[in-house]
Structure formats: structure tokens, C-alpha cells
Number of protein chains: 2
Amino acid sequence: MSRSPSQAPDESAETLPRQQRTYSIGELARMFEVTPRTIRFYEQEGLLAPSRQGQKRIYREKDRVRLKLTLRGKRLGFSLAEIREVVMMYDAMPDGNARQLKRLIEILDEKRANLDRQMEDIRLMRLEIDDVDQRARDVLRQLGKED
Amino acid sequence: MSRSPSQAPDESAETLPRQQRTYSIGELARMFEVTPRTIRFYEQEGLLAPSRQGQKRIYREKDRVRLKLTLRGKRLGFSLAEIREVVMMYDAMPDGNARQLKRLIEILDEKRANLDRQMEDIRLMRLEIDDVDQRARDVLRQLGKED
DNA sequence: GACGAGGTTTACGTTAACGTAAAGTGCTTG
DNA sequence: CAAGCACTTTACGTTAACGTAAACCTCGTC
């Protein structure tokens with residue numbers, strides 16, 4: 001065993017700063033508790049674009065962040081298409097023309113409105129859950145007394 | 001035209017209190033902006049159980065509330081199966097045994113934890129969106145100056 | 001040099017949540 | 001009574017988001 005550059009969480013795991021670290025597909029998969037298949041699928045859908053080292057995919061910090069954002073979006077019920085829409089426009093920003101930028105701002109506004117609605121939904125849902133919970137505990141307490 | 005009991009938003013629309021009103025499938029569909037097909041599908045999945053008047057489905061206040069909760073759950077990304085799980089246990093509550101009730105309380109706890117995570121996700125997502133938005137506006141402003 | 005752990009491509013399978021089309025019922029309105 | 005709605009059932013179609021299987025490569029290791 002003499003300094004294996006491959007295998008293991010990447011030799012740079014501790015020595016290099018985050019920005020220069022790289023990840024294998026398996027590593028990322030474990031970090032986010034998804035399968036490699038999922039990550040490849042996201043690439044196919046244009047959400048990730050890792051570089052290659054021979055045949056193998058090499059993921060950098062940027063890719064990791066993207067994956068994180070993608071999964072967060074998923075947890076909020078967004079479709080991959082929606083997520084891609086924003087992500088791609090974000091990337092196109094630097095050299096974007098005015099029309100594109102305005103469109104992006106519009107989309108962001110919609111997303112924000114959407115998030116606000118979700119926020120409210122969560123609030124209401126919590127109230128219901130708390131209510132059901134309270135009732136359940138009440139009934140349970142009654143059952144205890146009857147013995 | 002002599003007092004038609006069928007057709008029209010239900011004769012009780014204004015005269016009866018909410019608790020006694022009934023709805024046709026079309027009415028509900030319009031109220032929540034879904035198709036009748038969706039409502040029938042939810043019934044098939046055990047989320048709704050309207051009574052019948054001959055062949056036609058009759059929805060009462062209880063059904064309307066259930067549909068509302070179901071759609072709210074959907075907006076939050078829950079599957080119909082998850083939603084049904086809670087809804088059915090809720091209905092089974094009154095005569096539920098201790099074990100079932102404890103299980104229900106457990107599930108509710110999970111749901112709550114889930115909602116909390118979503119809340120945090122939304123917060124983070126908003127921050128990102130605000131950030132992207134700010135950048136977009138900056139770039140846009142720069143473009144304006146260059147003319 | 002066999003092998004096991006990771007990685008790769010290709011391609012077909014699966015599940016949830018409806019959409020869509022066809023064919024029929026029941027009422028009321030011109 | 002024909003037309004037109006609103007409703008019904010049955011059944012096949014569709015899309016998103018992966019799962020799963022097969023067949024292959026490429027290391028470092030025993």
C-alpha cells in the first residue's frame with residue numbers, strides 16, 4: 001500500500017480546501033443518501049455536468065452544491081424540469097441579455113410566491129397535526145383511566 | 001321551470017348552513033381547480049367516500065374538507081399513500097385501541113419533523129432565490145448603463 | 001492471474017397520478 | 001322528441017423519476 005491516488009474518499013479529503021476537492025459518484029451518493037443511478041439520471045437531465053477522468057466522472061464542489069440544491073428542490077415537490085429551468089438560467093446569467101434576465105426575475109418571483117404558499121400550507125398542516133395529536137392523546141388517556 | 005332539485009350549484013347553496021350543503025363532483029372540481037377525474041381517482045384510492053343519490057356522487061362538507069387537506073398535502077409533496085395513512089387513522093381514532101393510537105402519534109411526530117425540514121428547506125431556498133434575483137438585477141442595471 | 005470493489009453504458013421495467021376516449025344514463029328545455 | 005348538459009363506468013395511454021439487470025472496464029490486492 002503505497003499512496004493510492006484512486007479509491008478511498010479521495011486523497012484530498014483532508015489536505016485540500018473544499019473548493020479543490022473532488023468526489024466520485026459513489027461518495028456523493030453516500031453523502032446525500034441517493035443511488036449513483038439517480039446522480040447519473042440528473043446528469044442526463046442536464047442538471048449536472050461533471051468532468052471526466054478517462055471514463056470516470058469527477059465531481060467538483062460546484063457539482064456537489066448543484067446536487068444539494070436539486071435534492072432540496074425535490075423535497076419541496078419541484079419537478080426536475082422546474083429545477084433545471086432555474087439552474088440553467090442562473091448559469092446563463094453572466095452573459096445573459098436583458099430579455100433573458102427579466103424572464104429570470106419573473107420566474108424567481110413565481111417561485112417565491114410558490115414558496116410562500118407552501119409556507120402557509122405547512123403552517124396549516126401543522127395546526128391540523130397538532131390537533132389530531134391532541135385528540136389522540138386525549139383518547140389514549142381516557143383508555144388508561146378505564147382500566 | 002318549477003323548482004329543479006338537481007342541476008345548479010345545489011339548491012341549498014345559500015339557504016342551508018355549510019354543514020348541510022352538498023356538492024356535485026363538478027362543483028368541487030371547479031372549486032379546487034382539478035378535474036372530476038382527479039376526484040374520482042382519490043375516491044378509488046380510498047381518500048374520499050361520497051354517498052350516492054342513485055348513481056351520482058354526493059359530496060358533503062366532510063368530503064370537501066378531506067379533498068382540501070389532500071390537495072394541500074399534495075402541494076407539499078406528499079404521496080397519496082402517505083396522506084391516506086394519516087386520514088384513515090384519523091377516522092379510526094374514536095374506537096382505536098391503544099396500540100393504534102400510539103402508532104398514530106408516532107406517525108404524526110414523523111410528519112411534524114418532516115414539515116420542520118421542509119420549513120428549513122424553504123427558508124434556504126428563499127435565500128438562494130433572493131441572491132440570484134439580486135445578481136440578476138445587478139447585471140441588468142449594468143447593461144442599462146452601458147448604452 | 002483471479003478477484004473484488006468501484007466504475008461504465010445500454011436498455012428494458014416499474015410506479016404514481018392522473019389524462020383521454022368511448023359509450024351509456026338521466027334530466028330539462030326549446 | 002331531439003338536443004344538450006352533467007354525470008357515470010371501463011379501459012387503455014402517458015409522463016416523471018428513477019430501479020434493475022446485463023455485460024463490460026480497471027484498478028489494487030491476495
Side-chain angles (χ1 to χ4, degrees), chain A residues 1-11 13 22-59 63 67 69-85 87, chain B residues 1-11 13 22-59 63 67 69-85 87:
Chain A
M1 191 257 220
S2 56
R3 299 252 70 200
S4 54
S6 183
Q7 223 71 339
D10 179 340
E11 70 166 337
T22 71
Y23 309 84
S24 75
I25 196 170
E27 271 181 278
L28 276 190
R30 277 189 303 273
M31 295 182 63
F32 292 104
E33 300 189 300
V34 298
T35 70
R37 166 63 171 142
T38 297
I39 298 182
R40 291 198 195 97
F41 182 72
Y42 290 172
E43 176 179 352
Q44 180 182 322
E45 294 299 299
L47 286 166
L48 298 173
S51 52
R52 297 289 181 119
Q53 188 164 249
Q55 195 177 217
K56 299 190 173 179
R57 276 165 251 254
I58 303 295
Y59 298 89
D63 300 305
L67 180 54
L69 293 181
T70 299
L71 293 174
R72 181 178 297 156
K74 283 236 63 190
R75 283 200 300 274
L76 293 180
F78 294 134
S79 72
L80 294 183
E82 290 176 297
I83 295 171
R84 179 180 45 201
E85 189 180 27
V87 166
Chain B
M1 192 262 221
S2 57
R3 300 251 69 202
S4 55
S6 182
Q7 222 73 339
D10 178 341
E11 70 166 337
T22 72
Y23 308 84
S24 74
I25 196 170
E27 271 179 279
L28 275 190
R30 278 189 302 273
M31 294 181 64
F32 292 104
E33 300 189 301
V34 297
T35 70
R37 166 63 172 144
T38 297
I39 298 182
R40 291 197 196 97
F41 182 72
Y42 289 172
E43 176 179 351
Q44 180 182 323
E45 294 299 298
L47 286 165
L48 299 174
S51 53
R52 297 291 179 117
Q53 188 163 250
Q55 192 176 221
K56 297 190 173 178
R57 277 165 251 256
I58 303 295
Y59 298 89
D63 301 305
L67 180 54
L69 294 180
T70 299
L71 293 174
R72 182 179 297 155
K74 283 237 61 189
R75 283 200 299 273
L76 293 179
F78 294 135
S79 72
L80 294 184
E82 290 176 298
I83 295 171
R84 180 179 45 201
E85 189 180 28
V87 166

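Not measured: the values here are computed from a predicted model. Labels below follow one simple rule: chain letters A, B, ... track the order of the sequence lines, proteins then strands, and each chain is numbered from 1.
At a threshold of 4.5 Å between non-hydrogen side-chain atoms, the residues Ile83(A) and Leu47(A) count as touching. Counting only heavy atoms from C-beta outward, the side chains of Lys56(A) and Ser24(A) never approach each other to under 4.5 Å.
Closest contact between the side chain of Arg37(B) and the listed nucleotides dG19(D), dA17(D), dC18(C) involves dC18(C). Among dA17(D), dT20(D), dC18(C), the nucleotide with an atom closest to any side-chain atom of Phe41(A) is dA17(D). Nearest to the side chain of Tyr42(A), among dT8(C), dC18(D), dA17(C), sits dC18(D). Checking dG19(C), dT8(D), dT9(C) against every side-chain atom of Thr38(B), the shortest atom distance belongs to dG19(C). Between dA17(C), dT8(D), dA17(D), one nucleotide has an atom nearer to the side chain of Leu80(A) than all others, and that is dA17(D). Ranking dG7(C), dA11(C), dC18(C) by closeness to the Lys56(A) side chain, first place goes to dG7(C).
Computed from coordinates, the Gln55(A) CD to dT10(C) P distance equals 10 Å when rounded to whole Å. The separation between Ile39(B) atom CD1 and dC7(D) atom C1' is 13 Å, rounded to whole Å. Rounded to a whole Å, the OH atom of Tyr23(B) is 19 Å from the P atom of dA6(D). Protein atom CZ of Arg40(B) is 12 Å distant from nucleotide atom P of dT10(D), rounded to whole Å. Distance CG (Leu67(B)) to P (dC18(C)): 11 Å, rounded to an integer number of Å. For the pair Phe78(B) CZ and dA17(C) C1', the computed distance is 17 Å after rounding to whole Å. Atom C1' of nucleotide dA16(C) and atom NZ of Lys74(B) are separated by 8 Å, given to the nearest angstrom. In this structure, Leu48(B) places its CG atom 14 Å from P of dA17(C), rounding to the nearest Å.
Residues Ile39(A) and Ala29(A) come closest through the heavy atom pair CD1-N, 3.6 Å.
The side chain of Arg57(A) contributes an N or O atom lying less than 4.0 Å from OP1 or OP2 of dT8(C). For dG19(C), the OP1/OP2 oxygens have a side-chain nitrogen or oxygen of Thr35(B) closer than 4.0 Å.
Residue Glu45(B) places its CD atom among more than 12 non-hydrogen atoms of other residues, nucleotides or ligands, all under 6.0 Å distant.
Between Arg75(B) and Glu33(B) there is no salt bridge, since no side-chain nitrogen of the basic residue lies less than 4.0 Å from a carboxylate oxygen of the acidic one.
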